[in-house]
Amino acid sequence: MDGNGRWANRRGLTRNEGHQRGVENVEKIVEKAGQLGIRYLTLYAFSAENWKRPQSEVDALMKLLKSFLKKQQKHLLENEIRLHTIGRVEELPHSVFRQLKIVKEATKHFAKNHLILALNYGARNEIIDAVKRYTEAFQSGAENLGDLHWGILSQYLDTSELPDPQLVIRTSGEHRISNFLLLQSAYAEYVFSPVCWPDFSPDLLETAIEDYRNRERRFGKTGEQVRQEQDVSLKSTAQ
Ligand code: IPE
Ligand code: MG
């Protein structure tokens, strides 16, 4: 969700006002995602690198996050959406961490729809934490190095309970990944939108998804193989 600061600067507003508008947009996009039947929506809200920003901006972001959580609690409960987090959330200000815990606990029995907030998240930190957890399990005899494959190691990532993202959208015209779900998005499709986050409307989300649906995902195979498999599966569903 990039471009809050630039969106605000272009309008003679403060960066924090841009973040405020960004949060309002999150609320709209969460709603639209539900309407579109997106079962897993991950929002990269605060990266492990974002602590380097001026303290006043970090403080404002944390305050916004807390009020967003308070407001969203009702929406999540009413719409039966489970809240997850990825990232080192225990390093967030205690009041934010506590609020996250409350909402996660209150929604943990919902299985269908999921909202995932990436907070103090960085893919490199995540892999380090996963390797540490795996090593502990290995040392206790619960894992065997000879059996290690991606399916096993991925169970130690923050996303162990979540499917890989199919589509990653980055707004504001930047063409980089910035340490977001590097391993999980190995086969994701990307959409880079020139629009800054506060203006990334529900209609633009829908357009991005249409774009995604029109792509041929080959997962290393040839286009011919993929189309043949689609024909076979279409025939078997028709039978
Ligand atoms: C994204 O907007 C919001 C967060 C990282 C929290 P930015 O704050 O990165 O906006 P720009 O990139 O400065 O425009
Ligand atoms: Mg940015």
Side-chain angles (χ1 to χ4, degrees), residues 1-27 29-30 41-72 83-101 103-104 115-133 156-160 162 165 167-186 188 190-200:
M1 301 183 288
D2 201 8
N4 292 348
R6 277 163 288 162
W7 182 93
N9 285 341
R10 283 174 203 152
R11 286 161 180 78
L13 302 170
T14 64
R15 291 184 58 83
N16 291 346
E17 286 170 308
H19 293 313
Q20 173 69 51
R21 287 294 296 264
V23 174
E24 288 163 20
N25 198 41
V26 166
E27 288 161 2
I29 292 291
V30 168
L41 177 70
T42 304
L43 302 169
Y44 198 7
F46 192 84
S47 79
E49 286 76 26
N50 284 150
W51 298 111
K52 293 179 205 157
R53 293 188 176 197
Q55 191 59 45
S56 58
E57 183 167 338
V58 171
D59 290 346
L61 284 167
M62 292 301 144
K63 222 172 133 187
L64 278 171
L65 177 59
K66 232 167 49 182
S67 63
F68 168 78
L69 283 169
K70 282 204 176 125
K71 257 178 94 180
Q72 277 293 306
L83 181 77
H84 304 253
T85 57
I86 55 172
R88 294 177 177 169
V89 284
E90 66 286 355
E91 292 173 4
L92 293 169
H94 189 69
S95 58
V96 177
F97 177 64
R98 204 180 47 218
Q99 189 64 29
L100 283 168
K101 244 174 107 174
V103 184
K104 284 199 282 188
L115 176 68
I116 304 107
L117 298 179
L119 295 167
N120 190 20
Y121 175 83
R124 289 182 174 175
N125 286 344
E126 185 190 24
I127 191 72
I128 287 168
D129 295 342
V131 169
K132 281 186 185 164
R133 291 194 281 258
Y156 293 88
L157 295 170
D158 294 2
T159 50
S160 59
L162 306 167
L167 169 63
V168 177
I169 302 171
R170 182 166 187 153
T171 58
S172 87
E174 304 294 4
H175 296 92
R176 34 172 196 271
I177 312 301
S178 303
N179 210 3
F180 180 66
L181 295 178
L182 295 181
L183 292 164
Q184 297 88 335
S185 56
Y190 283 87
V191 166
F192 294 100
S193 167
V195 175
C196 284
W197 175 253
D199 282 339
F200 188 80

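Quick caveat, the model's predicted, so the values are computed rather than measured.
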Name all residues meeting the side-chain hydrogen bond (donor to acceptor under 3.5 Å, both in side chains) criterion together with [X]; count only those two or more places apart in sequence or in a different chain, and write none if there are none.
X: E17; value: T14
X: Y44; value: none
X: R15; value: E57

Check your understanding: Any idea how H94 and F97 line up, ring-wise: parallel (<30°), tilted (30 to 60°), or perpendicular (>60°)?
Key -> tilted
Check your understanding: Does the side-chain contact (heavy atoms from CB on, under 4.5 Å) test come out yes or no for K132 and Y156, once each step is laid out?
Key -> CA-CA 9 Å; K132 281 186 185 164; Y156 293 88; over 6 Å; no
Would you mind reporting whether [Y] and [X] have side-chain heavy atoms less than 4.5 Å apart?
X: I86; Y: L162; result: yes
X: W197; Y: R21; result: no
X: V89; Y: L117; result: no
X: L100; Y: L69; result: yes

Point to revise | Full working for side-chain contact (heavy atoms from CB on, under 4.5 Å) between L65 and L119 | key: CA-CA 10 Å; L65 177 59; L119 295 167; 3.7 Å; yes
Which heavy atom of [X] sits nearest a heavy atom of [Y], and at what distance?
X: R176; Y: R170; value: O-NH1, 2.9 Å
X: P198; Y: G3; value: CD-O, 4.1 Å
X: N120; Y: R88; value: ND2-O, 2.9 Å
X: S56; Y: N16; value: O-ND2, 4.1 Å
X: G122; Y: N179; value: CA-ND2, 3.6 Å
X: Y121; Y: E126; value: OH-OE1, 2.6 Å

Within this structure, what is the [atom1]-[atom2] distance for the pair [X] and [Y], rounded to the nearest 0.5 Å?
X: R133; Y: L157; atom1: CZ; atom2: CG; answer: 8.0 Å
X: K101; Y: E90; atom1: NZ; atom2: CD; answer: 11.0 Å
X: I29; Y: I169; atom1: CD1; atom2: CD1; answer: 8.0 Å
X: L41; Y: L167; atom1: CG; atom2: CG; answer: 10.5 Å
X: S47; Y: R53; atom1: OG; atom2: CZ; answer: 7.0 Å
X: R98; Y: K66; atom1: CZ; atom2: NZ; answer: 7.5 Å

Check your understanding: Around K63, counting heavy atoms of other residues, nucleotides and ligands shown, do more than 12 lie under 6.0 Å from its NZ?
Key -> no
Exercise for review: Start with the C-alpha gap between T171 and D2, add the side-chain angles, then the distance that decides, and say whether side-chain contact (heavy atoms from CB on, under 4.5 Å) holds.
Suggested key: CA-CA 5 Å; T171 58; D2 201 8; 4.0 Å; yes
Check your understanding: Taking it one step at a time, do L61 and N50 satisfy side-chain contact (heavy atoms from CB on, under 4.5 Å)?
Key -> CA-CA 10 Å; L61 284 167; N50 284 150; 5.6 Å; no
Point to revise | Donor-acceptor pair, side chain of N25 and main chain of F200, under 3.5 angstrom | key: yes
